[in-house]
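Here is the structure we will look at, set down as structure tokens.
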Amino acid sequence: MEKYDHKKIEQKWQKHWQKEKLYQTGEDKTKPKFYILDMFPYPSGAGLHVGHPKGYIATDIFARAKMMQGYNVLHPMGWDAFGLPAENYAIQNKIHPRIATEKNIDTFKKQLGKLGFTYDWNREINTTDPEFYKWTQWTFIKMFERGLAYESNEPVNWCPSCKTVLSNEDLEDGKCERCGSVIERKPMRQWVLKITDYAERMLNDLEKLPDWEESIKEMQKNWIGKSEGAEVNFKIGEEIATVFTTRPDTLFGATFFVMAPEHPLIKKITTAEQKKEVEKYIKAAAGKSDMERTELAKEKTGVFTGSYAINPVNREKIPVYIADYVMMGYGTGAIMAVPAHDERDWEFAKKYNIPIKEVIVPFLKDDPRPDKETEKREVVTAIVKNLKNNRYLCLKWKNIDWKSFPTGGLDGEDLVTAAKREVKEETGYKNLKFIKQVGGSIFAEFYRPHKDSNVYASFKYLLFELENEGREEVAQKEKDQHEVVWVEEEKIESFINVWNQKLAWQRLKQGDSAYCGDGLSVNSDFLNGLETEAAKEKMTAWLENKKLGKRAINYKIKDWVFSRQRYWGEPIPIVHCPKCGNVAVPCDELPLKLPEVKNYEPTGTGESPLANIEKWVNTKCPKCGGSAKRETNTMPQWAGSSWYYLRYIDPYNDKALVDKAKDKYWSPVDFYVGGAEHATRHLIYARFWHKFLFDIGAVNYDEPFTRLQHVGLILAEDGRKMSKRWHNVINPDEIVEKFGADSMRVYEMFMGPFSQPCAWSTNGLIGARRFLEKVFNLQLRITNYELRITNDKLERLLHKTIKRVSEDIEYFKFNTAISALMIMANKLGEQEKISIIHYSLFIILLSPFAPHLAEELWSGIGHKESIFKEKWPEFNPDLVKDETINLVVQINGKVRDMIEVSADISENEAKKIALESEKINKWLESKEVIKIIFVKGKLINIVIK
RNA sequence: GCCCGGGUGGCGAAACUGGUAUACGCACAACACUUAAAAUGUUGCGCCUUAUGGGCAUGCGGGUUCGAUUCCCGCCCCGGGCACCA
């Protein structure tokens, strides 16, 4: 018997599959289609490490199973080949990025080839191919024609090291995502795509994507960052400054006004005395990067402009400050500051001694009963501290689940008197020293069981210290209701279970701060007594009615800065024509090819290297024929990847980006698999781009990806990321050489849940290899003589395995699928003779995971056709159920015995058998059986006393 | 700070809808085969224990339930995302 020679087997079948064109995508439109897609890689110089193919292995398994289930499967691969690393490499080594990229692609393709993937290489695409980027440019022009691509001079993120502008999505912690340099803010002319026009649709349509992971949808929601609120106009002298707020209900609490240092109105409103100060502050703020502005956030700074704004709602004059905690980039770049209800405003007000006006009080409506009377009360709570032992005076109620501080209503007295009286009545203590009031009021409306009525109460909280333990006798009536307890300071938080008192306690411990939650409006004229939602609504309507403001929505997402000052990208297909009035004119011939250039070095002046090629820059205007200059910026790397998946459907079409009929059949992508790091970059851009193509009628569907799954990273054996820096990279070529592609495939899928990060373990890999060897050796025991050996248990296990493996592949639970295959293989291994039918079915189930081995074993039992032309097996529902079960007998929930019985045993029979058990009877001696619970097919639980 | 995930043996991890916790694999140990080692095979493997049994264990504390890894409340720790977003 031969040994399992993975090298021989894998090379043999890879050649064979290629010769047979086994993976060429079928075009038989009568079959259902399945489009399964990997995020295409950037072909870096370093080649693949073992982590990269994890997602590809998964899609390959899925694709093979779908093929066998009768689908036309589209499973393509291509290259996201524009980008900075190739260009930087070119600068250092004087090699054209195209040459370097081609070489890298070659390496990648070889590495992928060794893993035996089903990619249809006839459909390979490459974003740097002019026949491909022609359509990237075409889409850009369509956007330009519709006003969605525009030039802007706003300050943008400039990376001083990469010498290019970056979009917000390219930043990490205010640093360049690629090189880690701190970003500068520079105003520069840029091409920008108006992605904000699609913000609302991208947000709403997330609901159309039930098969996207929640976490990724959540990230997109946060990134789009929708806030609803109002814009309010404040008069500052003759000028009008508009603010955006999500809390129009707090307008009466605005006690100052803040503008971002970049706000255009500052010059006009600053008074002569304050001019110097203001200019100094603005200059200092401009010198800080966004990064520094947030890093230094601990301490608020600002400067008074000398002017006052008029609060439109009450005509109050409030001072106007400039402070860098307000950002020009969000909302209107100006805010109304409500220190009582916003933490940042609170800090600022504390520092600059600005009044704080409370207009919202916490309010809890706790199921008041509509059929009972409601009593309005002013209530005071006494928090009494015993300095001797650091304990606080509390009440434990007897008939209700209340643990509280002494509390009671005001009886026409002042707060302190009422509180002292209440403490004396309820607890007997009579000598208290008043310390201070804790926080503001809290309101609540709730049902009081002990008085059978509702209260609508305003609570105030007073802190006392116990002077001495002098105490009076407490009335019996009070004693019946509650018990007096002294609780240690650390335990108060968990002891007190009355909502408002808990909040008051927190306020006492943490000191005063802004209350940012919802509540009841107070000190707010026509809003008084309204709850937050209603108050917002009423205020907004009032503002609109008086033309002092309007309903408004704000998004965090910014328009997409779409130009880069680098060489290795798609040229933006625009010429600037002086004769046509210095406007941008789109090129009439596409593709506009990237010209050859001697020097790839960025100029650093904000111009791309293309600007140095006069012959290319100087051109004719496509509109008027006069001399004009080409746009020299190029597109970002995200451009091509925003739509590449469409091109696989129709890769050779020179008339359209994609043929609409073909798009109708193949789109949308049924299943998209890739790294979670793309949740807010690529996946936002692609959805935007796709919706645009849908709007202009270029494609049939308005969402590109039906189901989305993210891959968990494979870490190095030491638990760190694989990186050249740590010298812990494992090359798949070596693994394939030593252990085989099939072992690597099985191991990577068996490591753990697919979306979870997991550290590589060579021992684990050896385990996978051992499993395949075991499978390989099974062929020794196949019997050809009896087609089916009667073995009911094995038959049932096989059908369970079919069910398990089929379902697990569908849900990407490969680790448990493989575990099921291992159990099956172990059981087959125990047989002296293995039925060829059982064996064949098992090999088919294994084939998506270990395709080379499966194909070899398949041909080994005499098949001429590929195993991947077999039909995927179906399980028999009758056979996945067990005939007998181990009936678990519990006593008070603890397992005490197990009895093998028929699976459909009735309750009465089960009881009888259980009660006859010797083990059980030992437990039942002199005990009373209270009840017996029976769960069909599972267990019986005897409850005793 | 806010929003998502997650915490189960020595390790990677299983567990359907609240019903036998620790499947499968790794590591480890003993035994068999061998001159020997490797490979392979067999067996054992959560912790404690006074041991034909019993007790305790799914981050910690409480609750609901006949029964909780699973549901509810509070806390701790780890990972990810966002972050002066008004």
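On a predicted model such as this, the values are computed, not experimentally measured, just so you know. Chain letters run A, B, ... following the sequence lines, proteins first, then strands; residues in each count from 1.
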Classify the side chain of A/Lys221 and the base of B/rC3 as holding, or not holding, a donor-acceptor pair under 3.5 Å. no

More than 12 heavy atoms of other groups within 6.0 Å of A/Glu207 CD: no

Quick one: on RNA chain B, does A/Ile216 or A/Gly331 contact a more 5' nucleotide (nearest heavy atom)? A/Ile216

Length of the CZ-P vector between A/Phe348 and B/rC84, whole Å: 17 Å

C1' gap between B/rG25 and B/rG18, integer Å: 29 Å

Does the structure show a Watson-Crick or G-U wobble partner for B/rA15, both distances under 3.5 Å? Name it, or say none. none

Both A/Glu773 and A/Gly333 contact RNA chain B. Which one's nearest nucleotide lies toward the 5' end? A/Glu773

Tell me whether the side-chain N/O atoms of A/Arg681 come closer than 4.0 Å to OP1 or OP2 in B/rG81. no

If you measure from the C1' atom in B/rG80 to the same atom in B/rA27, how many Å do you get, rounded? 30 Å

Determine which nucleotide pairs with B/rA39, using a 3.5 Å limit on both distances of a Watson-Crick or G-U wobble pair. none

What integer distance in Å separates A/Met327:CE from B/rC84:P? 6 Å

Can you tell me, in whole Å, how much space there is between the P of B/rG10 and that of B/rC47? 7 Å

Between CH2 of A/Trp760 and C1' of B/rA27 the distance, given in whole Å, is 18 Å

Determine the interatomic distance between C1' on B/rA57 and the same-named atom on B/rU8; round to the nearest Å. 10 Å

My understanding is that a pair needs two contacts under 3.5 Å, Watson-Crick or G-U wobble. By that rule, which nucleotide pairs with B/rG5? B/rC78

For atom C1', what is the distance between B/rA39 and B/rC33, given to the nearest Å? 11 Å

Crowding at NZ, A/Lys936 (>12 non-hydrogen neighbours, <6.0 Å): yes

Can you tell me if A/Asn777 and A/Tyr4 form a side-chain donor-acceptor pair at under 3.5 Å? no

Is it the case that more than 12 heavy atoms not belonging to A/Lys911 sit under 6.0 Å from its NZ atom? yes

Paired with B/rU69: which nucleotide, if any, by Watson-Crick or G-U wobble criteria at under 3.5 Å for both distances? none

With sequence neighbours excluded, residues passing side chain to side chain contact (heavy atoms under 4.5 Å, CB included) with A/Pro319: A/Phe256, A/Phe304, A/Tyr308, A/Tyr321

Can you tell me, in whole Å, how much space there is between the P of B/rG59 and that of B/rC16? 16 Å

For B/rG80, does the glycosidic angle fall within 90° of 0 (syn) or outside that (anti)? anti

Whole angstroms only, please: what is the CG-P distance between A/Asn892 and B/rG67? 8 Å

Nearest-nucleotide pick for A/Tyr325, side chain only, options being B/rC84, B/rU40, B/rC66: B/rC84

Integer angstrom distance from the C1' of B/rA14 to that of B/rG46: 15 Å

A/Ser761 near the nucleic acid: base, sugar-phosphate alone, or nothing, with a heavy-atom cut-off under 4.0 Å? nothing

Pick base, sugar-phosphate or nothing for A/Asp345, based on heavy-atom distances below 4.0 Å to the nucleic acid. nothing

A/Ile944 CD1 to B/rG67 P: how many Å, rounded? 13 Å

Which is true for A/Gly767 with a 4.0 Å heavy-atom rule: it touches a base, it touches only sugar-phosphate, or it touches nothing? sugar-phosphate

I need a per-nucleotide contact map over nucleotides 11-23 of chain B, read 5' to 3'. Cutoff is protein heavy atoms under 4.0 Å; write B for the base, S for backbone only, - otherwise. -BSSSB--BBS-B

Take atom CZ of A/Phe849 and atom C1' of B/rG25, then tell me their distance rounded to the nearest Å. 15 Å

Is the A/Tyr352 ring parallel, tilted or perpendicular to the A/Phe348 ring (thresholds 30°, 60°)? tilted

Output yes when A/Glu773 and A/Arg770 qualify as a salt bridge under the 4.0 Å nitrogen-oxygen rule, no when they do not. no

Nucleotide opposite B/rU50 in a Watson-Crick or G-U pair, distances under 3.5 Å: none

Charged tip of A/Lys54 within 45° of A/Phe754 ring normal and under 6.0 Å: yes

With B for base contact, S for sugar-phosphate-only contact and - for none (protein heavy atoms under 4.0 Å), nucleotides 54-61 of chain B reads SSS-----

Between C1' on B/rC84 and CD1 on A/Ile335, what's the gap in Å once rounded to a whole number? 9 Å

Donor-acceptor contact present, side-chain A/Ser819 to main-chain A/Asn815, <3.5 Å: no

Re B/rG10: Watson-Crick or G-U wobble partner, both distances kept under 3.5 Å, found to be B/rC26

Grab the CD1-C1' distance between A/Ile684 and B/rG81 for me, whole Å please. 13 Å

Roughly how many Å apart are B/rU22 and B/rG74, using the C1' atom of each and rounding to a whole number? 28 Å

Ion pair A/Lys827/A/Glu830, N-O distance below 4.0 Å: yes

Is A/Glu907 atom CD crowded by more than 12 heavy atoms from other residues, nucleotides or ligands, each under 6.0 Å away? yes

Strictly below 4.0 Å, N to O, side chains only: are A/Glu214 and A/Lys217 in salt-bridge contact? yes

